[in-house]
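Written out below as C-alpha cells is the structure these notes cover.
Residues: numbered from 1 along the sequence shown. Side chains are part of it too, since the values below use all heavy atoms of this structure and drop only hydrogens, waters and symmetry mates.
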Amino acid sequence: MATALGSLPSPSSSPTTAPSIPANATLGRHLARRLAEVGARDVFTVPGDFNLTLLDELEAEQPSGGGVRLVGCCNELNAAYAADGYARAGRGVGACAVTFTVGGLSAISAVAGAFSENLPLVCVVGGPNSNDYGSNRVLHHTVGLPDFTQELRCFQNVTCYQAVVNNLEDAHEQIDTAISTALKESKPVYISISCNLPSIPHPTFSRHPVPFFLSPRLSNQMSLEAAVEAAAAFLNKSVKPVLVGGPKMRVAKACKSFVEMADASGYPIAVMPSAKGLVPEHHSRFIGTYWGAVSTPFCAEIVESADAYLFAGPIFNDYSSVGYSLLIKKEKAIIVQPDRVVIGNGPAFGCILMKDFFHALASRLKKNTTVYENYSRIFVPQGEPVSSDPGDPLRVNVLFKHVQKMLSGSSAVIAETGDSWFNCQKLKLPEGCGYEFQMQYGSIGWSVGATLGYAQAAKDKRVISFIGDGSFQVTAQEVSTMIRWAQNNIIFLINNGGYTIEVEIHDGPYNIIKNWNYTGVVEAFHNGEGKCYTAKVRTEEELKKAIEASLGPNKDCLCFIEVIVHKDDTSKELLEWGSRVSAANSRPPNPQ
C-alpha cells in the first residue's frame with residue numbers, strides 16, 4: 001500500500017496541463033486561410049447581425065498573412081455576382097459572405113447562375129446561434145417558423161454541397177469538405193456558420209491548414225483507347241471535318257489540348273457563342289462563332305456543310321441553338337463532354353477526361369486542311385461601317401468599330417445579356433484578351449457585379465463592359481464599390497430606352513423603362529471620393545473624345561461612358577435570333 005501511495009505525485013508537484021490553444025485558432029480564421037489558399041483572396045460581403053462576428057474573424061486574417069480582403073457590396077445579389085466574376089478571372093474560386101435567409105435568399109439567384117455556368121463559388125452565410133437549433137424558437141430574418149432549414153432547402157437545388165456548421169467539433173471537416181467539393185465539381189457550395197462560433201478558439205484550428213491535395217481524376221485507359229480508336233476512324237474517313245469548341249472546355253481544363261488537336265489535324269476551329277474567349281482567335285485556322293443563323297459570316301456555312309463535326313463541351317439550349325434551329329445532324333457529330341464521348345448515334349464511352357481524349361486523338365488524326373481551304377475561298381473580309389457626318393446620331397456599329405481598336409492583350413470584355421451579346425461576339429479578340437458573358441442563365445444585371453469581381457481578381461487587365469440601360473438599372477449600385485476600390489474599368493452604358501432584347505422576342509409597353517440621367521447617377525456614386533470620369537455621347541466625334549480621355553489622362557479612373565442611340569438601332573443578329581426564339585417560345589401545346 002505504501003509503495004502504491006509513493007508512486008503518486010506529491011501534492012507539491014505540478015499537474016499535467018493541456019496545451020493552450022492560440023487565440024487565432026478560430027473557425028473564422030481557418031475559413032479565411034482556406035479561402036485564400038484556393039485563390040479567393042477577396043470575399044464579397046454584406047454585413048448582417050448573424051455574420052458580424054464571422055466578418056471580424058475574416059477581417060483579422062489579413063492578405064499579407066495568408067488571409068483575405070473583405071470587399072463590401074451594396075446588396076447580396078451583387079456580392080454573389082461579384083464572386084461569379086471573380087471565379088471567371090482564373091483565380092480558382094469566388095466567395096461571398098452574407099447573413100441568414102434575407103441575405104442568402106437575396107444571393108441565391110446569382111449562385112444559381114454560377115451553378116449553371118459551372119463556376120466554383122463559396123457562399124458563406126452567418127446562421128442562427130447554435131443554441132437555437134431544435135429550441136422551437138422563432139427568429140428574425142426567417143419566414144416566421146421555428147424551422148431553420150428553409151434557406152438550406154433552397155440552396156440544395158443550386159449548390160453541389162451544403163454544410164450547416166452549428167458545433168465546433170466537426171466544423172473543420174465540414175468547411176474543408178465544402179471547399180474541396182467546390183474545387184472538384186466546379187460548382188457553388190453553401191456553408192452556414194452559427195453566429196456564436198467564428199471567434200471561439202478550438203484545437204482543430206490550432207495549426208495552419210495543410211494545403212489541399214485533391215486526388216486527380218483519371219481516365220479509364222481501356223475506355224479512352226476505345227473512344228480514340230472509334231473517333232479517329234470516324235474523322236479520318238470524313239472529307240470535310242470541323243472542330244467546334246463549347247463552354248464546358250473551361251471546366252474540363254481542355255482548351256490547350258483542344259488547340260493542340262486542331263494544330264495536329266489541320267481542321268478549322270469554330271466556337272459556340274458561350275465559348276468565345278476559350279480558344280485563341282489569332283489562331284491561323286480560327287473561323288469564328290458558330291451560332292446557327294446568327295453565326296459569324298461564312299462560319300455556319302462551313303460547319304453545317306461539313307460531313308463530320310466534333311463539338312467539345314457544347315451546351316445546346318434554346319438560346320445557343322437559336323430557337324432549336326441549328327442544321328446539325330447527330331449522326332455526323334462527335335460530342336465530347338468533360339467525362340464522356342458519344343460518336344454519332346452511338347457508341348458512347350464514359351470515364352474519359354476531355355483533355356486526355358484530345359491529347360490522345362491528336363496523334364491519330366490524318367492531316368486534313370480541305371475545309372479551311374474551302375473557307376479561305378469563300379471568305380470575304382468584313383467591311384467597316386461608314387463614318388458618320390459631323391452631328392449625325394451615333395450608331396451602335398460605329399461604337400463597336402472604335403471599341404475594336406481599344407482592345408489589347410491587357411483587356412477583358414464583359415458583355416451583358418442583350419444586344420451586347422451579339423455586338424461583342426463580332427469583336428476580334430487579341431491574344432490574351434479576356435471575354436466573359438453569362439449565356440446559360442442570362443440574368444440581366446449580372447455584368448455589373450461580375451465586372452467588379454473580375455476586375456478585383458484580374459489586376460493585370462482593364463475590364464471593358466457593355467451594359468444596356470435596362471440591365472444597368474437592376475444592379476447599378478455596385479459601380480460605387482468599383483470607385484471605392486479604385487478600379488479603372490471602362491463601362492459603356494448603351495442607352496436605347498428599354499429592354500431591347502425582350503422587344504425583339506415579344507414587344508409590349510412593359511419593355512419601356514424610365515430614362516435615368518446615367519452619368520448623373522454615377523457622379524452621385526462618386527460624390528468626390530476616388531477617381532471617376534463620366535461622359536455622355538451622342539455622336540461619333542463625342543465618342544472618340546471620350547475614348548481618348550479614358551485611355552489617356554483618365555486611364556487610372558473608373559470611366560463611365562453613356563452612349564445614347566436610337567431605340568431601334570439593333571444588330572441584325574438580334575433581329576434574327578429574337579424572331580426564332582420568339583417562335584420557339586410561342587409553340588402551341590402538343591395535342592393531348
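By the side-chain hydrogen bond (donor to acceptor under 3.5 Å, both in side chains) test, Ser571 is found to be paired with Asp419, residues two or more places apart in sequence or in another chain being considered. Considering only residues two or more places apart in sequence or on other chains, Asn374 meets the side-chain hydrogen bond (donor to acceptor under 3.5 Å, both in side chains) condition with Arg377. Taking the side-chain hydrogen bond (donor to acceptor under 3.5 Å, both in side chains) definition, one finds that Ser186 meets it with nothing, sequence neighbours left out. Residues satisfying the ring-ring contact (aromatic ring centres under 6.0 Å, His included) criterion with Phe298, sequence neighbours excluded, are Phe379. Taking Phe466 as the reference, Phe400, Phe492 meet the ring-ring contact (aromatic ring centres under 6.0 Å, His included) condition, with sequence neighbours excluded. Remark: Tyr454 engages no residue in a ring-ring contact (aromatic ring centres under 6.0 Å, His included) (not counting sequence neighbours). Remark: Tyr309 engages no residue in a side-chain hydrogen bond (donor to acceptor under 3.5 Å, both in side chains) (not counting sequence neighbours). For the ring-ring contact (aromatic ring centres under 6.0 Å, His included) test, no residue two or more places apart in sequence or in another chain qualifies with Tyr290.
By the neighbour-count criterion of 12 heavy atoms within 6.0 Å, atom CD of Glu331 is densely surrounded, having more than that number from other residues, nucleotides or ligands. Remark: Lys514 NZ is loosely packed, at most 12 non-hydrogen atoms of other residues, nucleotides or ligands lying under 6.0 Å away.
Between the side chain of Ser223 and the backbone N or O of Gly350, at least one donor-acceptor pair lies under 3.5 Å. Judged purely by atom type and a 3.5 angstrom limit, Asn368 uses its side chain to pair as donor or acceptor with the backbone of Thr370. Using modelled atom types, no side-chain atom of Trp421 and backbone atom of Leu574 make a donor-acceptor pair closer than 3.5 Å. Judged purely by atom type and a 3.5 angstrom limit, Glu573 has no side-chain atom pairing as donor or acceptor with the backbone of Phe422.
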Only distances under 3.5 Å count here; give the side-chain donor-acceptor pairs of residues 264-283 to other protein atoms, sequence neighbours excluded, each with its distance to 0.1 Å.
unit_1 : atom_1 : unit_2 : atom_2 : d
Ser265 : OG     : Met261 : O      : 3.0
Ser265 : OG     : Ala262 : O      : 3.3
Ser265 : OG     : Tyr267 : N      : 3.2
Lys276 : NZ     : Glu281 : OE1    : 3.4
Lys276 : NZ     : Glu281 : OE2    : 2.8
Lys276 : NZ     : Gln425 : O      : 3.1
Lys276 : NZ     : Leu427 : O      : 2.8
Glu281 : OE1    : Leu429 : N      : 3.0
His283 : ND1    : Arg285 : N      : 3.0
His283 : NE2    : Asp263 : OD1    : 2.6

Under 3.5 Å donor-acceptor pairs involving side-chain atoms of residues 333-341, not counting sequence neighbours:
unit_1 : atom_1 : unit_2 : atom_2 : d
Gln337 : NE2    : Pro314 : O      : 3.2

Inset, instruction - Would you check, one step at a time, whether the test side-chain contact (heavy atoms from CB on, under 4.5 Å) holds for Leu183 with Val38? - result: CA-CA 8 Å; Leu183 292 172; Val38 298; 3.6 Å; yes
Inset, instruction - Could you give me the CA-CA distance, side-chain angles and deciding distance for Asn423 and Val396, then say whether side-chain contact (heavy atoms from CB on, under 4.5 Å) is met? - result: CA-CA 8 Å; Asn423 288 308; Val396 171; 3.5 Å; yes
Inset, instruction - Would you sort out whether Glu373 and Thr369 count as a side chain to side chain donor-acceptor pair (under 3.5 Å), showing the intermediate values? - result: CA-CA 6 Å; Glu373 290 165 7; Thr369 59; 2.7 Å; yes
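Residues Glu576 and Lys572 are not paired through a salt bridge, judged by the lack of any N-O separation under 4.0 Å between the basic side chain and the carboxylate. Ion pairing of Glu301 with Lys240 is absent here, as no side-chain N (NZ or NE/NH1/NH2) approaches a carboxylate O to less than 4.0 Å.
Nearest heavy-atom pair across Leu399 and Leu394 is N-CD1, 4.5 Å. When every heavy atom of Gly104 is checked against every heavy atom of Phe155, the shortest pair comes out as O-CZ, 3.3 Å. Heavy atoms only, all atoms of each residue included: Lys461 and Gly409 are closest at NZ-O, 2.8 Å. Counting all heavy atoms, side chain and backbone alike, Ile352 lies closest to Ala227 at CD1-CB, 3.4 Å. Of all heavy-atom pairs between Ser471 and Thr417, the closest is OG-O, 3.7 Å. Listed here is the closest heavy atom pair of Cys74 and Glu478: N-OE2, 2.9 Å.
Residue Ile490 holds its CD1 atom at 13.0 Å from CZ of Phe560, rounded to the nearest 0.5 Å. Atom NZ in Lys187 sits 9.0 Å away from atom CG in Leu119 (nearest 0.5 Å). Here CD1 of Ile464 is found 7.5 Å from OG of Ser408. Values are rounded to the nearest 0.5 Å. Atom SG of Cys351 is separated from atom CG of Asp356 by 12.0 Å, given to the nearest 0.5 angstrom. For the atom pair CG (Leu243) and CG (Leu235), the distance works out to 8.0 Å, reported to the nearest 0.5 Å. The distance from the NZ atom of Lys355 to the CD atom of Glu260 is 11.5 Å, given to the nearest 0.5 Å.
Every pair passing side-chain hydrogen bond (donor to acceptor under 3.5 Å, both in side chains) that includes a residue from residues 437-451 is listed here, sequence neighbours excluded: Tyr81-Ser443, Asp84-Trp446, Ser109-Tyr441, Asn317-Gln440, Glu416-Ser447, Thr451-Ser465. The ring pair (Phe, Tyr, Trp, His ring centres under 6.0 Å) analysis of residues 322-348, with sequence neighbours excluded, yields no pairs.
With contacts defined as side-chain heavy-atom distances shorter than 4.5 Å, the pair Glu117/Arg250 does not qualify. Residues Leu152 and Gln156 form a side-chain contact, since some pair of their non-hydrogen atoms from C-beta on lies under 4.5 Å apart.
Donor-acceptor pairing under 3.5 Å is lacking for the side chains of Tyr518 and Asn495. Side-chain polar atoms of Asp569 and Asn496 form no donor-acceptor pair below 3.5 angstrom.
Note on ring orientation: taking the six-membered ring where Trp is involved, the planes of Tyr435 and Phe437 are perpendicular (angle over 60°, cut-offs 30° and 60°).
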